[in-house]
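Remarks on the structure that follows.
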Number of protein chains: 2
Amino acid sequence: MMTKPLAKSAVSQQRVLDAAARVFRDCGYAGATMRVIADQAGLKAGSLYYHYKSKDELISAVLDLGMNATIGALKAALAALPADATARQRLEVAFRTHVTTIIANGDYSLATSRVFGQVPEVIRVQHEKVRDLYGLMWREILTTGQQRGEFRATANMTLARLLILGALNWTAEWFKPGTRSIEDVTSGFAAIVMDGLAAPDQL
Amino acid sequence: MMTKPLAKSAVSQQRVLDAAARVFRDCGYAGATMRVIADQAGLKAGSLYYHYKSKDELISAVLDLGMNATIGALKAALAALPADATARQRLEVAFRTHVTTIIANGDYSLATSRVFGQVPEVIRVQHEKVRDLYGLMWREILTTGQQRGEFRATANMTLARLLILGALNWTAEWFKPGTRSIEDVTSGFAAIVMDGLAAPDQL
DNA sequence: GGTAAAATCGAACGATAGTTCGAAAATTCG
DNA sequence: CGAATTTTCGAACTATCGTTCGATTTTACC
């Protein structure tokens, strides 16, 4: 008899995914073995294949989750902003949201950024599209702000985007909760990117 | 009889190292196999062990070379600067030097940054010291500039350093020679970091 | 509580990993 | 050229990889 999909397997599936993210992050794609992932999830290697039919499907799921969480969070945060928000406010919210998300989903974010270059090409190409979509969201924030005259007209916004994303993604590598708050980091970053390091001209 | 070390082996050793950097960059630490590295170097797997006595020694050599090239280049560039150079000039030179080096040594730089988190702990700890040394050089540039009053007193220089190094290291991932010049990238980055994105107040 | 379905196990498969080592080839130099 | 040395090869070893699959245990439902 046909039964509705039961919920007991979902908890195991989640444990497997979490374990996979951690192991992929620490060991890379090839270095992450199914046996270690299974062990971290409290299973034996063979049992993984009940939930994911191959290692490639596992890494693909990890990449999906890491990227989609980031995109979804940014979309939601921007949508929650009042319509008359300044470009600076939008940029600051984007900073905070990005860092908050990649810290909260640390295992997935680090796994994604560290392992992306090592994954089989088929999978990488597939996820590059999602990455590009995310880049487009940032491009929109920056160019709109420039068109409104809130950002310096002479600034190269493509370079700005690459600088910002490089700096923000790097936070996942060094940020340790407890030492500094996410708010401190993002507001500090925003201050530099918006106002620069140079001391104001003395009059 | 004892003979002086001959030079014929050095060329092979270099070919092995170059091949290793490429393969480590593309496949990660565990994914890079000795057989593929040997093949890229025009040798058979067993022959690698004449030059390096283990895979760990190989990756260690790649990490060394990647990091030391960057450190050496920055040291030299700063030393070549006139003694009365402004902090802004020093920072711009550091930008340019860092990017130029990691682009020139692309295989080693990317291998280093991608593989660092996957390497056996003994090796990683060893190279963390060298990394810290490099961070210290940047810290010096930034705090000195701040003490001289050339950089905003309110700016958090630790965050500035993390932002800058994150952004600069990320260039190795996206920079494609031909499209944009290194000079364009570094001067664009420097403009943002020094002067900020915000449009000047209208009076 | 019993029974069907879901979930896990455990042993095994071929493939390939890092590494070793004696033999073979290439190089150097008198 | 020929002998000593340097460099490379190729086959082999053990370990472990991803994966499969029938047996077994656990779970859900009447």
Side-chain angles (χ1 to χ4, degrees), chain A residues 1-24 26-63 111 115 118-123, chain B residues 1-24 26-63 111 115 118-123:
Chain A
M1 172 200 316
M2 191 61 179
T3 54
K4 60 182 173 187
L6 298 187
K8 222 45 181 179
S9 150
V11 64
S12 237
Q13 189 157 342
Q14 185 63 46
R15 272 227 311 272
V16 169
L17 207 56
D18 288 346
R22 280 198 308 275
V23 179
F24 278 128
D26 292 335
C27 308
Y29 174 72
T33 74
M34 297 300 267
R35 284 170 177 82
V36 172
I37 294 173
D39 193 61
Q40 291 277 313
L43 292 178
K44 301 294 177 179
S47 311
L48 292 184
Y49 291 82
Y50 180 79
H51 301 284
Y52 298 91
K53 62 175 171 244
S54 71
K55 185 178 180 180
D56 283 7
E57 197 170 273
L58 237 189
I59 186 66
S60 196
V62 169
L63 293 179
V115 126
Q118 304 165 13
V119 127
E121 198 182 349
V122 195
I123 300 178
Chain B
M1 172 201 314
M2 189 62 178
T3 55
K4 61 182 173 187
L6 298 187
K8 223 42 184 180
S9 149
V11 63
S12 237
Q13 189 157 342
Q14 185 63 45
R15 273 227 312 272
V16 169
L17 206 56
D18 288 346
R22 280 199 307 276
V23 179
F24 279 127
D26 291 336
C27 307
Y29 173 72
T33 75
M34 297 301 267
R35 283 169 177 84
V36 172
I37 293 173
D39 192 61
Q40 291 277 311
L43 292 178
K44 301 295 177 178
S47 311
L48 293 184
Y49 291 82
Y50 179 78
H51 302 284
Y52 299 92
K53 63 174 171 243
S54 71
K55 186 178 179 180
D56 283 6
E57 197 171 273
L58 237 188
I59 185 65
S60 196
V62 169
L63 293 179
V115 125
Q118 305 164 13
V119 128
E121 199 183 348
V122 195
I123 300 178

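In what follows, every chain begins at residue 1, and chains take the letters A, B, ... in the order their sequences are listed.
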Rounded to whole angstroms, how far apart are [atom1] on [X] and [atom2] on [N]?
{"X": "A:Q14", "N": "C:dA7", "atom1": "CD", "atom2": "P", "value": "15 Å"}
{"X": "A:K55", "N": "C:dA15", "atom1": "NZ", "atom2": "P", "value": "18 Å"}
{"X": "B:Y52", "N": "D:dT7", "atom1": "OH", "atom2": "P", "value": "13 Å"}
{"X": "B:E57", "N": "C:dG18", "atom1": "CD", "atom2": "P", "value": "15 Å"}

Name the atoms and distances for all side-chain donor-acceptor pairs under 3.5 Å in residues 27-43 of chain B, with sequence neighbours left out.
from, atom 1, to, atom 2, distance (Å)
B:Y29, OH, B:D56, OD1, 2.3
B:T33, OG1, B:V36, N, 3.1
B:Q40, OE1, B:R22, NH2, 3.3

**OP:** Mind grabbing the angle between the end helix axes of the helix from C:dG1-D:dC30 to C:dG30-D:dC1? Five pairs an end, 10° rounding.
**Re:** 20°
Subject >> For A:E57, all residues meeting side chain to side chain donor-acceptor pair (under 3.5 Å), sequence neighbours excluded >> reply: none
Original post:
Do any of residues 43-50 of chain B sit with a heavy atom less than 4.0 Å from DNA chain D, and if so which?
Top reply: B:L43, B:K44, B:G46, B:S47, B:Y50
Subject >> Interface residues of residues 29-41 of chain A with DNA chain D (non-hydrogen, below 4.0 angstrom) >> reply: A:A32, A:T33, A:M34, A:R35
Original post:
Does B:H51 make a side-chain N or O approach to OP1 or OP2 of D:dT8 shorter than 4.0 Å?
Top reply: yes
Original post:
Should A:S12 be listed as having a side-chain N or O under 4.0 Å from OP1 or OP2 of C:dT8?
Top reply: yes
**OP:** Could you note down all residue pairs passing side-chain hydrogen bond (donor to acceptor under 3.5 Å, both in side chains) where residues 42-52 of chain B supplies at least one of them, sequence neighbours left out?
**Re:** none
Original post:
Looking at CG of B:L58 and NZ of B:K55, how far apart are the two atoms once the value is rounded to the nearest 0.5 Å?
Top reply: 9.5 Å
